[in-house]
Amino acid sequence: MKELSTRYDPQENEEKIYDQWVKEKLFHADETLDGETYCIVIPPPNVTGVLHMGHALNNTIQDVLIRWKRMQGFNTLWMPGTDHAGIATQNVVERELAKSKVKRTELGREKFLEKVWDWKEEYGSTIIRQLKRLGCSCDWDRTRFTMDEGLSTAVKEVFVRLYQDGLLYKGDYIINWCPRCSTALSDEEAEHRDVEGRLYYIKYPVKDREKLEIENEDYVVVATTRPETMLGDVAVAVNPKDPRYTSLAGKTLMLPLLKRELKLIFDEDVDPEFGTGALKVTPAHDPVDFKLGVKHDLERVNVMEPDGTINSLGGDYEGMDRFECRETIIEDLKQRGFFIKSEEHLHAVGHCYRCHTVVEPRLSKQWFVKMKPLAEDAIKEVKKNNIKFHPGRWTKVYLNWMENIRDWCISRQIWWGHRIPVWYCKDCLDYVDVRDVDIHETGKKGIYVGAGKPDKCSACGGNNMEQDPDVLDTWFSSWLWPFSTLGWPEKTETLKKFYSTDALVTAPEIIFFWVARMIMSGLKFQNKIPFKDVYIHGTVRDASGTKMSKSLGNVIDPLDIIKEVGSDALRFSIIYITSQGQDVFLSKDKFEIGRNFANKVWNASRYVLITLGKDFTPGKIDPGDLTLADKWILDQFNRTVKTVQKSLETYKFNDAAGELYDFIWHKYCDWYLETSKLAENRVVVQNVLFKVLAGSLKLLHPFMPFITEEIWQRIPDEENKWIMISSWPNSDKTYDNQKASEDMEKIIGLITSVRNVRSFWNINESVDVVVNAGNVENKELILSNTKLIERLAKCKVRSVGEKVSRPDQSVASLVKGIRIFIPLGDTVDIEKEKTRVDKKIEGLKKHLDGIDRKLKNEGFLKKAPEEVVAKEKEKIKRFEDQLRTLEDNLNTLG
RNA sequence: GGGCGAGUAGCUCAGCUGGUUUAGAGCACCUGCCUUACAAGCAGGGGGUCACAGGUUCGAAUCCUGUCUCGCCCACCA
């Protein structure tokens, strides 16, 4: 046994220990083993990512779970990996290239992709390295990446199957378009934020048969927040019941500036209350207008280029950026007298979740997945409770979204990602731009959907085939993660063994993106739910409640914290302060909790090791030899084992951490270690010290893996060299001892009471104590623990009796029916003593009143359980007794 | 517009399937201690009408209703 250094240095120890675990292959999961499995797949961080506090929280929770299960003897697998984050990664590499003034388009698709792969090889494992530094016990040999061959095969397989099942289609719809990334986004990828915009009121003249230039005498006023889209207007819509416009039936309007003719249509969906009750209709640039367009068979005039500039249909405005165009159009309208006014208008505007550019709703041909059929089973499984959300309130959020699910736009106009496995025969399908090929039904001539390029077109025999240029949404590979990482579509042993997985730990913002879709894909392609429990933890925010993000610059870098206080301290702190599912408000000082606790654990262990000495080997404990304190700490340890277990089972990680903190610090260290210093039977106390320390370290290991392992390496090797794979403690019934705990509480109360008196009277030296124990049992208890009391309270117990009368000039305290008198001689300041006692009396009276009322209450006596009533009666006796003594105390004094 | 979460000590938060908690913790504060495991510590202490108003109940921080404040999520009101 080696002694521990006087100060624990996480920097030195943590990496060293991690390397040892890796070397011993302790993270390795083995599918050939029997036994109950426990599997978690990591929510794949984005390859461009660096570890932030959200990751730290997320992965610490998973590591706690997996280490706990591993110690319980489960065959555990924690499956790690990263996703390719199509848009984000492409953006990063584009920026890199921009530094040397190279554009992606100049390089061409293949060369560019080579660059991205190069980048990924060089920087893509940063986050993995950081997760290791956090202590994550993933089976790193299995690390997967969504663009790996196996996972790409899974993606293609799924695409083909969805197509064959009629769940895929391609067509023109309004989608969210990011002009900066130049790609479509799904509804979930457009983040809606309230923006203070303007609502512009514009005159749309009623057409005069004679002349095009109207002198404003007859017009309809429309209100719009995006005036530039008027270039694509084809109609104006009003509510048929709106009396202001009924007279206009049959008329035609003129679009100002472009002088295009606009139909006037009547539709119930137009809200007469909003703006002027007249809505300009732009089917190619607005989802509502698009619907109106379909309903009323309107032309779709798309006036915008992919980069957000106006195209040739926009007349003089061609080439202008959309926002520049907005300004210009307003100016022009003002000049020509079509502009009426604008007013402030707060509305939700979509922003690209990758670059935060304002998203443009825009008509575009894209691939979609029909979601309704997939959602059905996914709804059922959750309703049947086969998949449980923790905390449960997320169930409603999930169901609400699923029940209103919309089709998923999965094509992206970027290069980095899984290319859509569809080929078009140029000869059969007469097209100019391959993107324009429309597919509404499967089996259309000249279209091939499959894992690879077909040799020739089965329709015409030619081989003039072109692959769809677009790639798939990154989430289209992530949604397969729970089984694609396990080997699917191969029928692997790993898949058989570990699917369904057990728990998924993730953040709320990802429920729709990922969790819901995984449930759908799992049911569709495995006929089995992907996981049983979904634990949703809170969002990490800064002290002011703002979400931590790099762009806001309010991040606390986990690696900085690790450098300062160590990974254990970081892990423990963040778990300790995060109550189930609540958001976390972080500031740097929060990490002192973990740092101080780690220090405490280290020092306590150091003390124990010193006490055990070099030659200690754990031996059997004879219950007959145990002192009260021994019995107490063993009982308390049992309780801790149970509560920690329960807390972990119910995903209440903070409760588990809190319980351990309290037990180790305030029970084991503050009391037991102190009592152990006066133990007569060294062998017994050494064994108890050791037993409880070893058990506590095990319980603590999932939270603070490094320090517990480091200490474990120095203590007698009772079962396993590594705490990481040692057995999880069970509570040992032979040490359950309610009585000992109650008795010890009396002793602790007595000691605290004496300390209190000494402190209150500013007495440094030892005091004499006379105890009226009230009954034989208490008397015996006190007598057999006199030494403990005297030492820990710094006092001399002069006499103990069942009925001891109070010495002159003494102050009194009581605790649990035991009265304590401390003779202070004539130094007692009566007024001062009165303040001390008065406070206590006041509190007691208040409590007594409460109980008294309760006991006089017939309802209570009738309805409350007998136990409760009995306890209350007992209580009142005790408190009345105390009160009397205290009052007596005051009377005696003066 | 809909949904959710939160308002408890100076600060940050626990507690909320109603009755052993005279409402807890950490930090901060006050007092006394270098008691040889730990000053990142030890001992003691002060501090809260549990947002507000009703209701249910024998009994409410805890359940119900309403109000106010803050935060988040969802939604095609141009």
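Each chain gets a letter, A, B and so on, in the order its sequence line appears, and its residues count up from 1. Any value given below was found using the heavy atoms of this structure, including those in side chains, with hydrogens, waters and symmetry copies removed.
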Practice task
Using the six-membered ring wherever Trp is involved, compare the ring planes of Tyr535(A) and Phe653(A) and label them parallel, tilted or perpendicular (cut-offs 30° and 60°).
Solution key: perpendicular

Practice task
Tell me, please, which residues at least two apart from Ser741(A) pass side-chain hydrogen bond (donor to acceptor under 3.5 Å, both in side chains).
Solution key: Asp635(A), Gln636(A)

Problem - Residues that Lys563(A) engages under side chain to side chain contact (heavy atoms under 4.5 Å, CB included), provided they are two or more places apart - result: none

Handout entry: C1' atoms of C63(B) and G18(B), separation to the nearest Å
Key = 7 Å

Handout entry: Distance, rounded to the nearest Å, where Asp589(A) contributes CG and C13(B) contributes P
Key = 12 Å

Handout entry: Partners meeting side chain to side chain contact (heavy atoms under 4.5 Å, CB included) with Glu745(A) (sequence neighbours left out)
Key = Lys816(A)

Exercise for the section: In whole angstrom, give me the gap between the P atoms of U69(B) and G24(B). Expected result: 32 Å

Completion exercise
side-chain hydrogen bond (donor to acceptor under 3.5 Å, both in side chains) filter on Glu403(A), not counting sequence neighbours, yields Lys383(A)

Fill in the blank from the handout: Those residues at least two apart in sequence (or on a different chain) that pass ring-ring contact (aromatic ring centres under 6.0 Å, His included) with Tyr607(A) are none

Practice task
Provide, to the nearest angstrom, the distance between the CG atom belonging to Asp583(A) and the P atom belonging to G7(B).
Solution key: 13 Å

Handout entry: Most 5' of Ser759(A) and Ile593(A) on RNA chain B, judged by nearest nucleotide
Key = Ile593(A)

Handout entry: Sugar-phosphate, base or nothing in reach of Glu592(A), heavy atoms under 4.0 Å
Key = nothing

Problem - By ring-ring contact (aromatic ring centres under 6.0 Å, His included) - contacts of His345(A) (at least two apart) - result: Phe274(A), His347(A)

Practice task
Applying side-chain hydrogen bond (donor to acceptor under 3.5 Å, both in side chains), name anything that partners Tyr353(A), two or more places apart in sequence or on another chain.
Solution key: Glu189(A), Trp475(A)

Practice task
Would you mind building the protein contact string for nucleotides 32-40 of chain B? One character per nucleotide, 5' to 3', B for base within reach (heavy atoms under 4.0 Å), S for sugar-phosphate only, - for untouched.
Solution key: -----BB-B

Could you list the protein-to-nucleotides 73-78 of chain B atom pairs, N/O on both sides, closer than 3.5 Å?
{"from": "C76(B)", "atom 1": "OP1", "to": "Arg406(A)", "atom 2": "NH1", "distance (Å)": "2.9"}
{"from": "C76(B)", "atom 1": "OP1", "to": "Arg406(A)", "atom 2": "NH2", "distance (Å)": "3.3"}
{"from": "C76(B)", "atom 1": "N4", "to": "Lys291(A)", "atom 2": "NZ", "distance (Å)": "2.9"}
{"from": "C77(B)", "atom 1": "O2", "to": "Asp271(A)", "atom 2": "OD2", "distance (Å)": "2.9"}
{"from": "C77(B)", "atom 1": "N3", "to": "Asp271(A)", "atom 2": "OD2", "distance (Å)": "3.3"}
{"from": "A78(B)", "atom 1": "OP2", "to": "His345(A)", "atom 2": "NE2", "distance (Å)": "3.4"}
{"from": "A78(B)", "atom 1": "N6", "to": "Asp271(A)", "atom 2": "O", "distance (Å)": "2.6"}
{"from": "A78(B)", "atom 1": "N6", "to": "Phe274(A)", "atom 2": "O", "distance (Å)": "3.4"}
{"from": "A78(B)", "atom 1": "N1", "to": "Asp271(A)", "atom 2": "N", "distance (Å)": "3.3"}

Problem - Inter-nucleotide P distance (C76(B), G2(B)), Å rounded - result: 16 Å

Exercise for the section: Sticking with atom P, work out how far G46(B) lies from G26(B), rounded to a whole angstrom. Expected result: 15 Å

Practice task
List in chain and number order the residues that pass salt bridge (Lys or Arg N to Asp or Glu O under 4.0 Å) with Glu344(A), two or more places apart in sequence or in another chain; answer none if no residue qualifies.
Solution key: none

Exercise for the section: Considering just the side-chain nitrogens and oxygens of Arg755(A), establish if one lies under 4.0 Å of OP1 or OP2 belonging to G44(B). Expected result: yes

Exercise for the section: Provide the distance between the two C1' atoms, one in U17(B) and one in C34(B), to the nearest whole Å. Expected result: 49 Å

Handout entry: Short side-chain N/O contact to C42(B) OP1/OP2 from His666(A), under 4.0 Å
Key = no

Problem - RNA chain B base-pair string [pairs: Watson-Crick or G-U under 3.5 Å; |: paired with another strand] - result: ((((((((.[[[[.)...(....]]]].(((((.......))))).....[[[[[..)....]]]]])))))))....

Exercise for the section: Scan Lys794(A) against the nucleic acid and name what it touches under 4.0 Å (heavy atoms): base, sugar-phosphate only, or nothing. Expected result: nothing

Exercise for the section: Indicate yes or no: does Glu343(A) engage Arg198(A) in a salt bridge with an N to O separation below 4.0 Å. Expected result: no

Problem - Separation between CD1 of Ile510(A) and CZ of Arg517(A), rounded to the nearest 0.5 Å - result: 10.5 Å

Practice task
Using the C1' atoms only, state how far G15(B) lies from A6(B), rounded to an integer number of Å.
Solution key: 15 Å

Problem - Nearest-Å distance once atom P is located in both G47(B) and C42(B) - result: 23 Å

Fill in the blank from the handout: Assert: residue with more 5' nearest nucleotide on RNA chain B, out of Lys396(A) and Thr752(A), is Lys396(A)

Exercise for the section: Using a heavy-atom cut-off of under 4.0 Å over every strand shown, decide if Tyr576(A) touches base, sugar-phosphate, or nothing. Expected result: sugar-phosphate

Fill in the blank from the handout: Taken in chain and number order and not counting sequence neighbours, the residues that satisfy side-chain hydrogen bond (donor to acceptor under 3.5 Å, both in side chains) with Lys590(A) are none

Exercise for the section: Provide the distance between the two C1' atoms, one in C13(B) and one in A23(B), to the nearest whole Å. Expected result: 14 Å

